[in-house]
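Written out below as structure tokens is the structure these notes cover.
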Amino acid sequence: MTAEHLRPALHLTPLLSAERFGLITDFDGTISAIALRPEAAVASPVAREALAMLAGRLTLVGAMSGRALVDLQRRLDLPELLYIGSHGLTWSYQGMDEIPEEVLPYVSYAEQAASELESLRDLPGVRVEEKGVGLAFHYRLAPNPDAARKTILAAITGSPAAQRFEVREGIQVAELYPRVPV
């Protein structure tokens with residue numbers, strides 16, 4: 001793919017030349033295909049090239065994800081971007097990382113919940129993703145996803161540390177999300 005393919009459509013040219021214009025994109029399912037295993041997701045080379053090019057032209061270019069901040073940064077490796085991880089709970093820009101004060105206690109709560117829910121790592125096809133401020137239990141590879149979901153939710157209900165979190169469900173994933181507004 002060449003720079004010619006990355007040229008904006010004519011109707012976007014005035015917008016892209018505006019004095020203060022930015023772009024923030026999601027990662028999974030937007031610039032990366034949804035992968036069976038979260039660790040297998042890779043940014044499209046065309047999207048990565050476009051972000052790098054736009055970062056030199058726009059006021060702000062960023063990527064956001066439900067992934068842990070460090071995971072997102074590693075997958076794109078474009079230091080000039082704004083990175084937003086854990087669904088908006090963690091930020092990094094120009095070498096400065098930020099976790100809001102009200103989120104900080106959830107780092108230790110997540111460690112406690114990971115310990116209490118350790119047995120879920122042994123379920124066939126279940127992947128546990130530690131996000132620093134929360135946990136995600138992916139079960140799309142489980143032989144029986146419905147049974148895996150029920151087992152995960154029952155274990156979460158029985159975990160005192162997990163009870164501090166809101167449970168959010170996505171596409172064959174149950175996530176422990178801090179109870180803080182974003």
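Positions are given from 1 along the sequence. Any value given below was found using the heavy atoms of this structure, including those in side chains, with hydrogens, waters and symmetry copies removed.
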Legend entry - Contacts of type side-chain contact (heavy atoms from CB on, under 4.5 Å), residue A161, not counting sequence neighbours: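 Testing A161 for side-chain contact (heavy atoms from CB on, under 4.5 Å), a comparison that skips the adjacent residues, returns Q112, A113, E116, S159.
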Of all heavy-atom pairs between [X] and [Y], which one has the smallest distance, and what is that distance?
X    : Y    : result
A41  : R67  : CB-NH2, 3.1 Å
L81  : G62  : CG-CA, 4.3 Å
A174 : I152 : CB-CG2, 4.1 Å
F165 : G134 : CE2-CA, 4.0 Å
Y139 : P145 : CD1-O, 3.5 Å
Y83  : L76  : OH-CB, 3.6 Å

Legend entry - I156 side, atom CD1; T151 side, atom OG1 - distance, nearest 0.5 Å: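 Output value for this atom pair is 11.0 Å.
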Inset, instruction - Measure the spacing between CG of D77 and CZ of R75 and express it to the nearest 0.5 Å. - result: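 One finds 12.0 Å between CG of D77 and CZ of R75.
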State yes or no: do [X] and [Y] share one hydrophobic cluster built from I, L, V, M, F, W and Y residues joined by side-chain heavy-atom distances below 4.5 Å, directly or via other members?
X    : Y    : answer
V70  : V103 : no
L153 : L123 : yes
F137 : L141 : no

Under 4.5 Å between side-chain heavy atoms, chaining through other members, with only Ile, Leu, Val, Met, Phe, Trp and Tyr counted: pull out the rest of the cluster around [X], sorted by chain and number.
X    : answer
L82  : I24, L60, M64, I84, W91, Y93
V173 : none
M96  : none

Inset, instruction - Please check if the side chain of S86 supplies one atom and the backbone of L89 the other of a donor-acceptor pair under 3.5 Å. - result: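 No.
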Inset, instruction - Keeping the roles fixed (side chain from Q163, backbone from T157), state whether a donor-acceptor pair exists under 3.5 Å. - result: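 Yes, because the side chain of Q163 sits within donor-acceptor range (under 3.5 Å) of the backbone of T157.
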Inset, instruction - For H138, check ring-ring contact (aromatic ring centres under 6.0 Å, His included) against everything at least two apart and list the hits. - result: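 Here no residue qualifies.
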Inset, instruction - List in chain and number order the residues that pass ring-ring contact (aromatic ring centres under 6.0 Å, His included) with Y177, two or more places apart in sequence or in another chain; answer none if no residue qualifies. - result: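 So Y177 forms a ring-ring contact (aromatic ring centres under 6.0 Å, His included) with H87.
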Legend entry - salt bridge (Lys or Arg N to Asp or Glu O under 4.0 Å) contacts in which one or both residues fall within residues 161-182, not counting sequence neighbours: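 Non-adjacent pairs meeting salt bridge (Lys or Arg N to Asp or Glu O under 4.0 Å): K131-E175, R149-E169, E166-R168.
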Legend entry - Summary of salt bridge (Lys or Arg N to Asp or Glu O under 4.0 Å) pairs that have at least one residue in residues 150-162, sequence neighbours excluded: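 Of all non-adjacent pairs touching residues 150-162, none passes salt bridge (Lys or Arg N to Asp or Glu O under 4.0 Å).
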Under the side chain to side chain donor-acceptor pair (under 3.5 Å) rule, collect the residues that match up with [X], sequence neighbours excluded.
X   : result
D97 : S92
R48 : none
E80 : none

Inset, instruction - Let me see the working for L176 and Y109 under side-chain contact (heavy atoms from CB on, under 4.5 Å), right down to the final yes or no. - result: CA-CA 10 Å; L176 299 181; Y109 300 156; over 6 Å; no
Inset, instruction - Report the C-alpha distance between I34 and I171 in whole Å, list the side-chain angles of each, state the deciding distance to 0.1 Å, and finish with yes or no for side-chain contact (heavy atoms from CB on, under 4.5 Å). - result: CA-CA 10 Å; I34 297 289; I171 300 171; 5.8 Å; no
Inset, instruction - Take L117 and V128 through the side-chain contact (heavy atoms from CB on, under 4.5 Å) test and state the conclusion after the steps. - result: CA-CA 10 Å; L117 299 169; V128 179; over 6 Å; no
Inset, instruction - Output every pair passing side chain to side chain donor-acceptor pair (under 3.5 Å) with a member in residues 31-40, not counting sequence neighbours, ordered by first then second residue. - result: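 As it turns out, the side chain to side chain donor-acceptor pair (under 3.5 Å) pairs with a partner in residues 31-40, which skip direct neighbours, are E39-R127.
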Inset, instruction - Assess whether side-chain contact (heavy atoms from CB on, under 4.5 Å) is satisfied between I31 and L51, documenting all intermediate values. - result: CA-CA 10 Å; I31 61 171; L51 290 172; 3.8 Å; yes
